[in-house]
Amino acid sequence: MTLQATNPGKWLKTFFEEKDLENQIYEAEVNGNIHLIDTETVIGLIQKAQEHEKVTIMNTLSQIDFQGGDVHHFLKHLAFCYARQCYARWEN
């Protein structure tokens with residue numbers, strides 16, 4: 001099942017407001033360095049994402065929520081992806 005929201009940013013904002021998630025700190029190890037990224041930062045990055053990325057995130061969150069999963073597990077994954085994107089060294 002996939003959602004087709006006309007405004008995924010609004011859907012995501014409402015989702016996070018309704019979930020009222022506890023702010024956690026996620027550890028992301030990249031190249032031997034630990035980066036600490038909190039829930040609020042990840043949610044802020046989601047809100048700044050491109051529309052097609054928001055739709056993908058929205059669909060993933062709705063599936064996690066429907067199945068009673070842990071939203072923080074997915075947000076930790078996104079925090080790692082962000083850290084890897086920002087801090088990974090490019091090797092030749």
Side-chain angles (χ1 to χ4, degrees):
M1 174 177 85
T2 58
L3 300 173
Q4 295 298 324
T6 56
N7 188 342
K10 183 177 179 183
W11 186 96
L12 288 162
K13 183 177 186 299
T14 301
F15 178 84
F16 289 121
E17 286 173 354
E18 289 178 357
K19 287 294 166 196
D20 192 30
L21 296 172
E22 175 185 329
N23 194 35
Q24 295 185 7
I25 296 176
Y26 312 113
E27 290 185 10
E29 183 177 346
V30 179
N31 294 328
N33 296 309
I34 302 293
H35 302 276
L36 304 175
I37 305 169
D38 68 350
T39 302
E40 291 177 6
T41 299
V42 176
I43 291 171
L45 291 167
I46 290 169
Q47 291 294 351
K48 294 177 184 177
Q50 295 180 16
E51 290 301 304
H52 71 278
E53 294 168 327
K54 288 180 185 177
V55 170
T56 300
I57 292 167
M58 178 183 70
N59 282 306
T60 302
L61 288 170
S62 67
Q63 290 176 14
I64 291 168
D65 190 45
F66 180 75
Q67 295 175 9
D70 184 358
V71 172
H72 282 289
H73 181 77
F74 179 60
L75 296 180
K76 181 179 181 177
H77 168 73
L78 293 178
F80 171 76
C81 292
Y82 173 70
R84 187 179 60 200
Q85 181 72 24
C86 291
Y87 302 108
R89 293 184 192 126
W90 295 95
E91 296 182 18
N92 295 337

Review point. So which heavy atom on Lys19 is nearest to which on Asp65, and how close?
Key: NZ-OD1, 2.5 Å
Review point. Is the number of heavy atoms from other residues, nucleotides or ligands under 6.0 Å of Ile25 CD1 greater than 12?
Key: no
Practice item. Applying side-chain hydrogen bond (donor to acceptor under 3.5 Å, both in side chains), name anything that partners Glu17, two or more places apart in sequence or on another chain. Key: Lys13
Practice item. Applying side-chain hydrogen bond (donor to acceptor under 3.5 Å, both in side chains), name anything that partners Tyr26, two or more places apart in sequence or on another chain. Key: Thr39, His72
Check your understanding: So, does Lys54 use its side chain to make a donor-acceptor pair with the main chain of Ile46 at under 3.5 Å?
Key -> no
Practice item. Determine, step by step, whether Leu75 and Gln24 satisfy the side-chain contact (heavy atoms from CB on, under 4.5 Å) criterion, reporting the C-alpha distance in whole Å, the side-chain angles of both residues, the deciding distance to 0.1 Å, and the verdict. Key: CA-CA 10 Å; Leu75 296 180; Gln24 295 185 7; over 6 Å; no
Review point. CD/Gln85 to CG/Leu45 distance, rounded to the nearest 0.5 angstrom?
Key: 11.5 Å
Point to revise | Side-chain heavy-atom pair Ile64, His73 within 4.5 angstrom cut-off | key: no
Check your understanding: Got more than 12 heavy atoms from elsewhere within 6.0 Å of CZ, Phe15?
Key -> yes
Check your understanding: So, Asp38 versus Thr41: side-chain donor-acceptor pair below 3.5 Å or not?
Key -> yes
Point to revise | Separation between CD of Glu40 and CG of Leu21, rounded to the nearest 0.5 Å | key: 10.5 Å
Check your understanding: Which residue pairs satisfy the ring-ring contact (aromatic ring centres under 6.0 Å, His included) criterion with at least one member in residues 28-63, sequence neighbours excluded?
Key -> His35-Tyr87
Point to revise | Verdict with supporting geometry, Leu61 and Leu12, side-chain contact (heavy atoms from CB on, under 4.5 Å) | key: CA-CA 9 Å; Leu61 288 170; Leu12 288 162; 3.7 Å; yes
Study note, to complete from the structure: For Ile37 and Ala83 the tightest heavy-atom approach is CD1-CB, 4.0 Å
Exercise for review: Looking only at non-hydrogen atoms, find the nearest pair between Trp11 and Met58 and report the distance.
Suggested key: CE3-CG, 3.1 Å
